[in-house]
Amino acid sequence: DPKIIQKPKYLVAVTGSEKILICEQYLGHNAMYWYRQSAKKPLEFMFSYSYQKLMDNQTASSRFQPQSSKKNHLDLQITALKPDDSATYFCASSLASNERLFFGHGTKLSVL
Amino acid sequence: AQSVTQPDARVTVSEGASLQLRCKYSYSGTPYLFWYVQYPRQGLQLLLKYYSGDPVVQGVNGFEAEFIKSNSSFHLRKASVHWSDSAVYFCAVRGGSAKLIFGEGTKLTVSS
């Protein structure tokens with residue numbers, strides 16, 4: 001029974017379109033994160049949120065916008081999609097910002 | 001800058017054999033070190049972590065790792081591998097912030 005739910009599991013998009021990746025955690029955690037895993041690259045940190053506030057942003061492009069409507073939600077909006085955005089996007093959470101991370105199963109995004 | 005190097009992209013061992021997966025990190029302060037495992041089509045799961053104290057840390061499923069500060073290493077070991085250990089293993093370091101820096105991963109194949 002997954003405690004971090006990412007939707008959808010698979011997503012195919014056309015270049016130039018916009019998509020939202022959903023993440024909900026039911027662990028009662030206060031910090032949430034997005035990581036990206038591209039082919040042949042290490043997992044890359046993208047964003048961290050604590051109590052719904054942005055703590056760290058390592059994503060150069062403003063096309064990537066996290067959205068936190070509730071404490072246990074951290075969605076990721078991606079606009080003007082490019083083929084290079086194709087990757088698996090992992091959501092994670094932790095009780096506090098210095099605690100161990102729990103990861104979701106990821107959303108695999110393919111941009112054609 | 002923080003970084004993690006996992007020099008072996010792929011490792012194959014026979015079932016029942018011992019295992020060592022190598023990890024070297026670069027961090028100027030006292031690092032927090034982690035090993036995560038990723039099974040196919042799943043998110044990352046924490047195997048073990050090192051914050052301080054005994055440099056040999058025990059994890060789940062018989063895994064352990066040793067922090068050697070003089071060598072900037074945090075190698076993962078297991079005395080006897082099982083076929084179910086086949087997965088991708090990631091070493092990670094965390095400095096002052098909550099951001100984890102991951103290595104490129106080592107794909108472990110356990111042959112019968």
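Sequence lines set the chain letters: A, B, ... in the order given, protein chains first and strands last, and positions in each chain run from 1.
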Per-residue contact mode, A:L101 against chain B (heavy atom under 4.5 angstrom): both
For the aromatic rings, using the six-membered ring if either is Trp, is the centroid distance between B:Y36 and B:F90 under 6.0 Å? no
With a 3.5 Å cut-off and no angle check, do the side chains of A:Q65 and A:Q77 form a donor-acceptor pair? no
Without hydrogens or angle criteria, can the side chains of A:Y35 and A:Q37 be said to hold a donor-acceptor pair below 3.5 Å? no
Honestly, the part of A:Y33 sitting under 4.5 Å from a heavy atom of chain B is side chain
Answer key: most heavy-atom pairs under 4.5 Å with chain B among A:S50, A:G104, A:A31, A:S48 is A:G104
B:R77 and B:E66 ion-paired at < 4.0 Å: yes
According to side-chain contact (heavy atoms from CB on, under 4.5 Å), who are the partners of B:T12, at least two apart in sequence or on a separate chain? B:T109, B:S111
Which atoms of B:Q6 approach chain A - backbone, side chain, both or neither, heavy atom under 4.5 Å: neither
Under 4.5 Å from any heavy atom of chain B - which part of A:E44: neither
